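One structure is given below, encoded as structure tokens.
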2 protein chains.
Amino acid sequence: MEKLLLILGQLMPLSTELREDLSSKVFVSKVKKGEILISEGKICHQLFFIKKGFLRGFHYQNGKEITSWFGFENDFATSTHSFFSQKTGYENVEVIEDGILYGITYEDLNNIYDRHPEFNYVGRLLTEKYYLDVMERTLCLQFQTAKQSYEQLVATHPQILKRAYLGHIASYLGISQETLSRIRAKK
Amino acid sequence: MEKLLLILGQLMPLSTELREDLSSKVFVSKVKKGEILISEGKICHQLFFIKKGFLRGFHYQNGKEITSWFGFENDFATSTHSFFSQKTGYENVEVIEDGILYGITYEDLNNIYDRHPEFNYVGRLLTEKYYLDVMERTLCLQFQTAKQSYEQLVATHPQILKRAYLGHIASYLGISQETLSRIRAKK
DNA sequence: GCGTTTATTTGACTTTTGTCAAAAATTCTT
DNA sequence: AAGAATTTTTGACAAAAGTCAAATAAACGC
């Protein structure tokens, strides 16, 4: 809990009431490798903060698993589309390494936004950050060779290379696992 | 100006002071086809609301222009990365059809956020919306054939097909103009 | 530590898409 | 309306990446 409040507190001083409100609503959840936290086709009610562990979001396309993001310590994670829109989503969230998560429900979070309008500042800033992340990723996917995409990932997100499966990385880059394996072999 | 306040007002009731603050800071700008509003390598200081007209964001990769987004009436537009981070950016913003824009500077906008903390709610909501838009786009780019990408665009954003150049659409989809032309011919 | 399961690599071949160049079509200008 | 400029289409070929199948390699359970 402390870690989360620390991170949020770095963005904006948190009033005592806000800290208490957050503390009373945030729950802790221990998760095991292989566990599916959120399944496609359902409405996602929780937003998670990763204290420890490693998650990924993925969906199916043409019968294949496509990884859409990786989540590490101190990241926030959820089935983005479903959580924000509160409609059924296409995204699954899977635990890749055992971990400890802090969670909050959509309802509780929005109550906190209502009671503490200034907390929207934190929400805005974090959303902007994740927005920029996806944007940059999109630009990479849009017009690079498989090799360029891989090298960019090596340069910008070495932790993904270290901790994720090759197949997951390949689909994250939008290329086949075999192609990625060959690119690596040639270095 | 009215149109902008109307759109913002649909997200949250705006106090009189907030409306006045916004009105006093937002400027109007008439733009002509071909005009470059924002250039790469510079810090982008303005956020625009498109009252009328048609814009696109693009950058260069391997010597080619890559379109990263299209902006229509009632959309917000800026060099996203540069504006939010206030660092130099790689993105250019170009006017494709003559238009009328409402603009606000980064400084003025943040002063408004400071003076009206509840306005962060609007900022958060809009950011979430644009975040989801990019996310969805990314998923499409990640693992579809050129044909699938095109058909999805036809289905979800027909207005882009109607108003944008083929070359711009092709780079937006991450495919060559020739391939896109061939896909269209075969229908 | 051994066998089993899971993940990665490699090979042969196919498909898709990109590239370059030129032709056709469309739009703009005066 | 004619000519210029721009945009789109088409053709021939090359390169990149995907697919399927099998072989290694690594990780896991007992």
Side-chain angles (χ1 to χ4, degrees), chain A residues 32-36 53-56 58 60-67 70 94-99 139-154 158-187, chain B residues 32-36 53-54 56 58 60-67 70 94-99 139-154 158 160-187:
Chain A
K32 285 266 165 213
K33 174 175 177 174
E35 206 173 307
I36 300 289
F54 181 29
L55 310 182
R56 71 162 182 142
F58 72 94
Y60 292 94
Q61 190 149 88
N62 302 334
K64 281 176 200 149
E65 281 188 9
I66 315 291
T67 297
F70 293 106
E94 180 190 3
V95 180
I96 303 181
E97 292 175 9
D98 292 4
L139 302 188
C140 301
L141 283 171
Q142 214 167 341
F143 247 106
Q144 294 195 116
T145 62
K147 198 177 165 208
Q148 284 176 319
S149 298
Y150 172 72
E151 280 167 0
Q152 179 142 353
L153 191 70
V154 172
Q159 74 278 31
I160 291 182
L161 273 296
K162 283 201 200 85
R163 290 169 70 177
Y165 290 114
L166 201 69
H168 295 171
I169 297 172
S171 73
Y172 181 76
L173 292 174
I175 62 184
S176 74
Q177 173 168 332
E178 291 91 332
T179 297
L180 181 53
S181 177
R182 289 189 174 100
I183 288 167
R184 282 213 306 195
K186 264 189 217 124
K187 302 266 326 184
Chain B
K32 286 265 164 214
K33 174 174 177 172
E35 207 173 306
I36 300 288
F54 181 30
R56 71 162 182 142
F58 72 94
Y60 291 94
Q61 190 148 88
N62 302 334
K64 282 178 200 149
E65 282 188 7
I66 314 291
T67 298
F70 292 106
E94 180 190 3
V95 179
I96 303 180
E97 294 175 10
D98 293 4
L139 302 188
C140 300
L141 283 170
Q142 212 166 342
F143 248 106
Q144 294 195 116
T145 64
K147 197 178 166 204
Q148 284 176 318
S149 299
Y150 172 73
E151 280 166 1
Q152 178 144 352
L153 192 70
V154 172
I160 292 182
L161 273 297
K162 284 202 199 85
R163 289 170 70 178
Y165 291 114
L166 200 70
H168 294 172
I169 298 172
S171 74
Y172 182 76
L173 291 175
I175 62 183
S176 74
Q177 173 169 333
E178 292 91 334
T179 297
L180 182 52
S181 176
R182 289 187 174 104
I183 288 167
R184 281 212 308 194
K186 265 191 216 122
K187 301 271 321 190

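Model, not experiment: these values are computed from the prediction. In what follows, every chain begins at residue 1, and chains take the letters A, B, ... in the order their sequences are listed. Basis for what follows: all heavy atoms, side chains included, without hydrogens, waters or symmetry-related copies.
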_Between the opening five pairs and the closing five pairs of the helix from dG1(C)-dC30(D) to dT30(C)-dA1(D), how far apart are the helix axes, to 10°?_
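So the angle between the two local helix axes works out to 60°.
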What protein N or O atoms touch nucleotides 10-16 of chain C N or O atoms at under 3.5 angstrom, if any, and at what distances?
unit_1: dG11(C); atom_1: N7; unit_2: R182(A); atom_2: NH2; d: 2.4
unit_1: dG11(C); atom_1: O6; unit_2: R182(A); atom_2: NH2; d: 3.0

*Near DNA chain C, under 4.0 Å by heavy atom, which residues of residues 165-175 of chain A?*
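Residues of residues 165-175 of chain A under 4.0 Å from DNA chain C: Y165(A), L166(A), G167(A).
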Residues in side-chain contact (heavy atoms from CB on, under 4.5 Å) contact with [X], at least two apart in sequence or another chain:
| X | result |
| --- | --- |
| Q177(A) | L166(A), A170(A) |
| Y60(A) | E40(A), F58(A), E65(A), N92(A) |
| L161(A) | Y150(A), L153(A), V154(A), I169(A) |
| Q61(B) | F143(A), Q144(A), H59(B), I66(B) |

*What pairs with T67(A) under side chain to side chain donor-acceptor pair (under 3.5 Å), at least two apart in sequence or on another chain?*
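Expected list: R56(A), S171(A).
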*Return the set of residues passing side chain to side chain donor-acceptor pair (under 3.5 Å) with K162(B) (not counting sequence neighbours), or none when no residue passes.*
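Result, side chain to side chain donor-acceptor pair (under 3.5 Å) vs K162(B): none returned.
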*Range on DNA chain D touched by chain B, heavy atoms, distance below 4.0 Å*: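 Nucleotide range with atoms under 4.0 Å of chain B: dT7(D) to dA12(D).
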*OG of S176(B) to CZ of R182(B): how many Å apart, nearest 0.5 Å?*
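Result: 7.5 Å between the selected atoms.
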*For the atom pair CG (L180(B)) and OG (S149(B)), what is the distance rounded to the nearest 0.5 Å?*
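One finds 10.0 Å between CG of L180(B) and OG of S149(B).
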*Residues two or more places apart in sequence or in another chain: which of them pass ring-ring contact (aromatic ring centres under 6.0 Å, His included) with F70(A)?*
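ring-ring contact (aromatic ring centres under 6.0 Å, His included) check on F70(A) returns F54(A), Y172(A).
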_Atom pair distance, as rounded to whole Å: CD in Q142(A) and C1' in dG18(C)_ =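 Spelled out: CD on Q142(A) to C1' on dG18(C) is 16 Å.
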*Keeping to residues at least two apart or across chains, list the salt bridge (Lys or Arg N to Asp or Glu O under 4.0 Å) pairs with something in residues 167-179 of chain A.*
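Found none.
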*Where each residue is assigned the nucleotide of DNA chain C containing its nearest heavy atom, which of F143(A) and A164(A) is assigned the position nearer the 5′ end?*
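Residue closer to the 5' terminus by nearest nucleotide: A164(A).
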_Within the 4.5 Å heavy-atom criterion, are T145(A) and K147(A) side-chain neighbours or not?_
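T145(A) vs K147(A): side chains touch.
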